Amino acid sequence: MISKRLERLRRMISCLDHQDKIHIKELVRILEVSEMTVRRDLNSDYASNFGIESYGGYVRKETNKNILNVEASSSMEESTKLISELIFSEDVVFFDSGKYNGQLIDMINQDVSFTGVTTSLNTFMFLKSKPNCKPVLLGGSYDDLNDVFISHNNDILKSMVYSKSFLTPNGLHDEFGATVETEYCASVAKSVLSRTIEKYLVCSNESLDTVSKFSVCEIGVFDYFISFENTSNPVVSQAGGTL
């Protein structure tokens, strides 16, 4: 495993000998592995030994901190603009209890009128702060550990059709797909995905190559991938079947 990782990192640095940066999806094609594998390689301790780093959806040779801060600031503006344009007027959007929902919702254009649906109290409060959002909290008994309202009658959940859904699994794995901690959250996620037009997978480094207790779906079910590799600067990319 380690020898394969080192070989992939060696090939990455070789690609950067001929260009300033390379997109992660291009590395996926060259290395013939999943995007998740490439990201794991870049987050490993070995990557720093090769002097390469990831920023946004690209890989480059390490730069000094001053240059990195300037580019990160520019990339942040681009990311905010891109995410703000994901939600359109009259959209019906589902958000789970993901820890990055506050940042995502904050980026939505203030002038857009949309319906935001959730089972999470914290997410509901974020939606409520948007002046033109109609927030909908699906009720039931409150589970404060997982920040969800558990309903024993999901008639509304099962009948609603969503323009978009943003789901943040606890685990993402090439073999076992997207997984979550509770059976109820898995049930809600499956129900929402079956009635969603555009499906967004939200994840961070700690969820990669991790398996939680209950299966939701294969990663290829999602249409788009929002990476919080840099927690202050999310990156949106179109899914390619695997991460």
Side-chain angles (χ1 to χ4, degrees), residues 1-72 74-76 78-79 98-100 167-181 199-243:
M1 177 69 75
I2 293 177
S3 61
K4 289 183 179 179
R5 172 167 289 170
L6 293 175
E7 174 60 20
R8 288 194 296 269
L9 288 168
R10 186 195 64 77
R11 292 178 65 186
M12 289 183 203
I13 197 67
S14 178
C15 291
L16 291 171
D17 287 340
H18 308 288
Q19 53 192 314
D20 294 333
K21 63 182 180 180
I22 184 170
H23 201 279
I24 287 178
K25 289 193 177 295
E26 178 64 12
L27 288 174
V28 168
R29 185 189 67 80
I30 294 172
L31 300 174
E32 298 181 326
V33 294
S34 69
E35 186 171 328
M36 183 184 291
T37 297
V38 172
R39 291 183 182 276
R40 284 200 300 268
D41 290 347
L42 293 169
N43 290 325
S44 70
D45 294 335
Y46 299 102
S48 60
N49 295 332
F50 283 82
I52 58 177
E53 63 184 4
S54 61
Y55 78 107
Y58 292 87
V59 176
R60 66 182 176 189
K61 292 183 179 179
E62 286 185 343
T63 59
N64 65 59
K65 292 184 177 179
N66 290 333
I67 295 176
L68 178 60
N69 287 336
V70 171
E71 294 190 1
S74 174
S75 182
M76 179 59 183
E78 293 175 1
S79 296
K99 68 178 183 178
Y100 298 114
L167 299 179
T168 313
N170 300 104
L172 292 170
H173 192 275
D174 283 333
E175 181 178 354
F176 297 103
T179 54
V180 293
E181 280 295 310
K199 308 170 184 68
Y200 290 81
L201 171 63
V202 184
C203 82
S204 58
N205 291 336
E206 60 263 28
S207 63
L208 297 178
D209 201 26
T210 301
V211 179
S212 289
K213 298 174 184 176
F214 296 93
S215 174
V216 175
C217 64
E218 295 181 354
I219 295 172
V221 167
F222 294 93
D223 302 303
Y224 297 92
F225 175 66
I226 301 180
S227 170
F228 278 84
E229 179 181 304
N230 178 340
T231 56
S232 65
N233 182 22
V235 177
V236 184
S237 59
Q238 190 162 5
T242 57
L243 291 179

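Predicted model, so just to flag it, every value in this text is computed and none were measured.
Paired with Thr168 under the rule side chain to side chain contact (heavy atoms under 4.5 Å, CB included), one option of Leu201, Val202, Val180 passes, and it is Val202.
Between the CG atom of Leu31 and the CZ atom of Arg8 there is a distance of 7.5 Å, given to the nearest 0.5 Å. Between the CG atom in Leu16 and the CG atom in Leu27 there is a gap of 7.5 Å [rounded to 0.5 Å]. Here the NZ atom belonging to Lys61 is positioned 10.5 Å from the CD atom belonging to Gln19, to the nearest 0.5 angstrom. Expressed to the nearest 0.5 Å, how far CG of Asp209 lies from CD of Glu175 amounts to 11.0 Å. Taken to the nearest 0.5 Å, the CZ atom of Phe225 stands 4.5 Å off from the CZ atom of Arg39. Note that CE of Met36 is 11.0 Å distant from OG of Ser227, once rounded to the nearest 0.5 Å.
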Quiz item: Given the rule in the side-chain contact (heavy atoms from CB on, under 4.5 Å) test, do Asn170 and Lys213 qualify, once you have shown the distances and angles that lead to the verdict?
Solution: CA-CA 9 Å; Asn170 300 104; Lys213 298 174 184 176; over 6 Å; no

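Residues Ser215 and Phe176 are not in side-chain contact: their nearest non-hydrogen atoms beyond the backbone lie 4.5 Å or more apart.
Taking all atoms of both residues into account, the shortest heavy-atom contact from Asp41 to Leu9 is O-CD2, 3.9 Å. The nearest pair of heavy atoms linking Cys217 to Phe222 is SG-CE1, 3.5 Å. The two residues Leu42 and Val59 have their closest heavy-atom pair at CD1-CG2, 3.4 Å. Shown here for Val221 and Lys199, the closest heavy-atom pair between the two residues is O-CD, 3.5 Å.
Between the side chain of Thr210 and the main chain of Leu208, a donor-acceptor pair closer than 3.5 Å is present. Thr179 places a side-chain N or O within donor-acceptor distance of the main-chain N or O of Ser212, the cut-off being under 3.5 Å. Judged purely by atom type and a 3.5 angstrom limit, Arg11 uses its side chain to pair as donor or acceptor with the backbone of Ile30.
Looking at Arg40 and Thr37, their side chains do bring a donor and an acceptor atom within 3.5 Å of each other.
In this view, Asp20 satisfies the salt bridge (charged side-chain N to carboxylate O under 4.0 Å, His left out) rule with no residue, not counting sequence neighbours. The side chain to side chain contact (heavy atoms under 4.5 Å, CB included) search around Arg10 returns Glu7, Phe50, not counting sequence neighbours. Take Ser207 and apply the side chain to side chain donor-acceptor pair (under 3.5 Å) test, not counting sequence neighbours, and it matches no residue. Annotation: side chain to side chain donor-acceptor pair (under 3.5 Å) contacts of Glu206 (sequence neighbours excluded): Lys99, Ser204.
Ring geometry for Tyr58 against His23 counts as perpendicular: the plane angle is over 60°, on a 0 to 90° scale with 30° as the lower cut.
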